[in-house]
Every structure is written in structure tokens, then in C-alpha cells.
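Scroll down for the structure; my scribbles are underneath it.
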Amino acid sequence: MIRLTHIIIAALLLTMPQGVAGGNSHRNGNRGVNIKGNSDGRMIVISSEHLRCDDTLLVFSPSGKEKARDLPVLFLLHGWSGNYTDWSRNKDLQKLADLNGFRIICPDGFYDSWYVDNADPGKMQWRKFFWEELWPEADRMFGLNADRTFIDGLSMGGHGAMNIFLDRPDLFRGAGSMSGVLDLRSSGGSRERIAEILGGRDITDEVCTRQSAINRLDRIALFCPSSAAAKAAAENAADNSADNSAAGPDSATTGKDAGKKLLVVTCGQQDTRFFEAAKDFVEKCTELNIRHISMFSPARHRWPYWCWVIDQHLNWFRQEICGEGIGEGER
């Protein structure tokens, strides 16, 4: 299914501040994959059938643990009009990986894929790419443990992260959204483009509203039924069966039940386009008794905010896998 044409660990361009030194190389005997070097900041290029093009990823591993398996993993998605270098050009991801002990994987969501499958099967199928090509390859290379795997993103990437998590919440420990488009009706100037990608007449069409993360939260109970939200979600489970979500890989390494999943939602209070949707998303999490952390601070839809708040997200994810939780315990 997947053809991994080349994996390069090399000196990154000046536009990528996390430079990489060269090193030894070896060939993967099973797949004929060339791997060069052993430093951080791997550049991985996947030739994808579902995307009809290559997808480039940057991978940052904790220093000295580049070959380690079963590390905590964070898939980190960029926003609209961005690419796989966005995060590393604005934030020291190597320092972030070292500080929190996470392997950070930054795929390319392209200019405006919205991390969905295009209604036209001849065009980009990003969600199928994630589940049928990217996820299996990441699992083969790094070993993905559902209890130590998270996905997060900003703006368009917040929409993508929450929706990918909600495709198969049993394969993640949690997910995050920074200024995310959690209700597609709030997508402003992208409304017509999103409707076109999803095959709807307009953004209020049912085919589009089904892809809003706020309308898919009951899938946590569908895949992780031993939760307080399960009964409330059961009535809606059938309605969610055709919502553009890939089924995800079969896996014996499933995570904890819905009561142990963690969602993190943050947004700037001056983010006039997405703040209200973030508050509505948090309110629905509360109604469904889904564990979540929400934090709203006086900020706009800008990189200074995302570079600051990603530190908070990683700290909460780290505390979660270390068993520190989010303050629910009793003394």
C-alpha cells in the first residue's frame, strides 16, 4: 500500500532552524528504505497513493533516543496555508522534545487540505493517507503505543487533530486543539472552500456539519464504551457511521477507556473567529463527561500565542502519561 521512497536525515535548509548533522546510513532490509544519519530532526518523505503526491514529515526525537521505540509520540499539525516546516520555523521543537521526552512528528497538511478526504475520489484523501500510510509507517519505525500517543494542532490543524483522534480514540491517549476550527461554520473565509472539498452545497450542509469536531464527540463513547458518556452517545452512534472518517488500522494495542482520554482545548479570547466555537466545544465535553482541560487567555490568532501554549499542552500530556493526571485525585 505504501511506498516510502526516501528517508533523509540531513542538514535542513535555512528556513528550518533545527539543523541536522549528517551521520551513518543503513538500509532497512524489509522495505529497502535508506536511512541516513542518527541525529534529531529526521526528514521523512512518503510517496502516497492517497495524496497523489509526496508528503514530507519532520520528526524530532529526544536527544540520544533517536532509535528508541515506545517513546511518547505527538503528531503536531500545522494550520491553513502552512506546511510541515511551520512549527519548526517558529518553535524550537528539538528543545521541546528534549524537555518533555516526546517524539514530535510534523506531517504536511498542505495549504488547505483541512485534513479530510476530498469528496472527489480522484483528489487528495488526507485522512486515508494518515490511517493507511502514515500511521502504519510511523508504527513500524517508532512503535506507537495508544496509551502514549497524542495528536495536536493549531487552527486548521486543531480541526484535523480532533477529528483524527475522534476517528479512532482508542488508538490515542488524548488530543489537543490550539485556536482550532472546532465548528466548521466558524471557518470564515474558508467556508466555501471547505464545502467544496467535502462535497456540500455550503458550510451548513449536513455533509459539512458531520465533519465538525463538536458534532463527533460521542465517538469517544462509541470506541471506548466503558465511560460515563456511553449511554448518552449510544443513540447517536449510527448517525456517525458515514462522516468521512477512515476506520483506522486494526490494532491490539488499544488505549484506556473514554473516561481516561484527555482533550486539551485552548484559544485566545481575542480570537474573534474561533473563540466562541472553542467555548461551545468545552461545554459539550462537560455535558458528555469527557475529561478535558480548557484554557482561554487574552491572545489573538497568532504565532506568539501558539508558541507559548504548545508548552502548556506538552506539559499536560507529559503529566498524563506519568500518572500525575489533571488534579482529579483525592488525598
*Does Asp311 pair with Lys91 as a salt bridge, N-O distance under 4.0 Å?*
yes
*Where do Arg216 and Asn163 come nearest, in terms of heavy atoms and distance?*
NH1-OD1, 2.7 Å
_Main chain of Gly160, side chain of Arg127: is a donor-acceptor contact present, judged purely on distance under 3.5 Å?_
no
*Which pair of heavy atoms, one from Asp152 and one from Leu74, lies closest together, and at what distance?*
CB-CD1, 3.7 Å
*Report yes if the side chains of Val116 and His159 come closer than 4.5 Å at any heavy-atom pair, otherwise no.*
yes
*asked:* Looking only at side-chain N and O atoms, does Arg103 offer a donor or acceptor that is under 3.5 Å from a partner on Ser61?
replied: yes
_With a 4.5 Å cut-off on side-chain heavy-atom distances among I, L, V, M, F, W and Y, is there a chain of contacts connecting Val207 to Trp114?_
no
*Glu192, CD atom: more than 12 neighbouring heavy atoms under 6.0 Å*: no
_Parallel, tilted or perpendicular, judged at 30° and 60°: which one describes the rings of Trp306 and Trp303?_
perpendicular
*asked:* Looking at Glu283 and Lys279, is there a salt bridge between them, counting it only when a charged N and a carboxylate O are closer than 4.0 Å?
replied: no
*Parallel, tilted or perpendicular, as decided by the 30° and 60° cut-offs, for the rings of Phe172 and Phe130*: parallel
*Donor-acceptor contact below 3.5 Å, side chain Gln312 vs main chain Trp308*: yes
*Just do the side chain to side chain contact (heavy atoms under 4.5 Å, CB included) check on Asp202 and Arg191 with the steps written out, would you?*
CA-CA 7 Å; Asp202 57 53; Arg191 291 160 62 97; over 6 Å; no
*asked:* Just so I know, are the side chains of Asp112 and Ser190 near enough to count as touching, which here means a heavy-atom distance under 4.5 Å?
replied: no
*Could you please spell out the steps behind the side chain to side chain contact (heavy atoms under 4.5 Å, CB included) verdict for Phe165 and Ile220?*
CA-CA 9 Å; Phe165 167 79; Ile220 296 180; 3.8 Å; yes
*Less than 4.5 Å apart, any side-chain heavy atom of Ser187 and any of Trp80?*
no
*For the pair Trp135 and Phe75, name the ring-plane relationship: parallel under 30°, tilted 30 to 60°, perpendicular over 60°.*
parallel
*Does the side chain of Glu132 come under 3.5 Å of the side chain of His50 through a donor N or O and an acceptor N or O?*
yes
*Closest heavy-atom contact between Leu71 and Pro62?*
CD1-CD, 3.8 Å
*Side chains of Val181 and Arg273 in contact at under 4.5 Å (non-hydrogen atoms)*: no
_Could you tell me if the side chain of Phe281 sits less than 4.5 Å from the side chain of Ser177, heavy atoms only?_
no
*Rounded to the nearest 0.5 Å, what separation is found between the CD1 atom of Ile290 and the CG atom of Leu217?*
4.5 Å
_I'd like to know if the side chain of Ser155 and the backbone of Gly157 have a donor-acceptor N/O pair within less than 3.5 Å._
no
*Quick one: does Leu77's side chain get under 4.5 Å of Ile164's, heavy atoms only?*
yes
*Could you tell me whether the side chains of Thr209 and Asn215 share a donor-acceptor contact shorter than 3.5 Å?*
no
*Hey, does the side chain of His78 reach the backbone of Gly109 with a donor-acceptor pair shorter than 3.5 angstrom?*
yes
*Which heavy-atom pair separates Ser88 from Phe60 by the least distance, and what is that distance?*
CB-CZ, 3.9 Å
*Quick check: does any side chain N or O of His313 sit under 3.5 Å from a backbone N or O of Val264, one acting as donor and the other as acceptor?*
no
*Gap between atom CD1 of Ile293 and atom CG of Leu263 - 0.5 Å precision*: 10.0 Å
_Ser179 and Tyr305, any side-chain heavy atoms less than 4.5 Å apart_ = yes
*With distance as the sole test, does Ser212 use its side chain to make a donor-acceptor pair with the main-chain N or O of Leu184 at under 3.5 Å?*
yes
*asked:* Counting C-beta onward and ignoring hydrogens, is there a side-chain heavy-atom pair between Arg318 and Leu99 closer than 4.5 Å?
replied: no
*Shortest non-hydrogen contact between Asp167 and Arg219, atoms and distance*: O-NH2, 3.1 Å
*What distance separates Asn118 CG from Lys128 NZ, expressed to the nearest 0.5 Å?*
10.0 Å
_Nearest 0.5 angstrom please: Arg52 CZ to Gln125 CD, how far?_
5.5 Å
_For the CZ atom of Arg168 and the CZ atom of Phe223, what is their distance to the nearest 0.5 Å?_
5.5 Å
_When you measure from the side chain of Asp205 to the backbone of Arg201, do you find a donor-acceptor pair of N or O atoms at a distance under 3.5 Å?_
yes
*Go through the steps to decide whether Leu93 and Leu76 satisfy the test side chain to side chain contact (heavy atoms under 4.5 Å, CB included), and finish with yes or no.*
CA-CA 10 Å; Leu93 294 186; Leu76 185 59; 4.2 Å; yes
*Does atom CZ of Arg69 have more than 12 heavy-atom neighbours from other groups under 6.0 Å away?*
yes
*Using a strict 4.0 Å threshold on nitrogen-to-oxygen distance, state whether Glu196 and Arg193 make a salt bridge.*
yes
_I'd like to know whether Leu58 forms a side chain to side chain contact (heavy atoms under 4.5 Å, CB included) with Met43, so could you lay out the CA-CA distance, the side-chain angles of the two residues, the decisive distance to 0.1 Å, and finally the verdict._
CA-CA 5 Å; Leu58 292 182; Met43 182 187 292; 4.0 Å; yes
*Using the ring of each side chain (for Trp, its six-membered ring), is Phe129 parallel, tilted or perpendicular to Trp126, with breaks at 30° and 60°?*
perpendicular
*For the pair Glu66 (side chain) and Gly64 (backbone), establish whether a donor and an acceptor sit closer than 3.5 Å, ignoring hydrogens and angles.*
yes
*For Leu288 against Asp218, the heavy-atom pair lying closest together*: CD1-N, 4.2 Å
*For Asp55, does its backbone N or O pair with a side-chain atom of Asp108 as donor and acceptor, under 3.5 Å?*
no
*Starting at CZ of Arg148, measure out to SG of Cys322 and round the result to the nearest 0.5 Å.*
8.0 Å
*Check: Val59 main-chain N/O paired with Arg42 side-chain donor or acceptor under 3.5 Å*: no
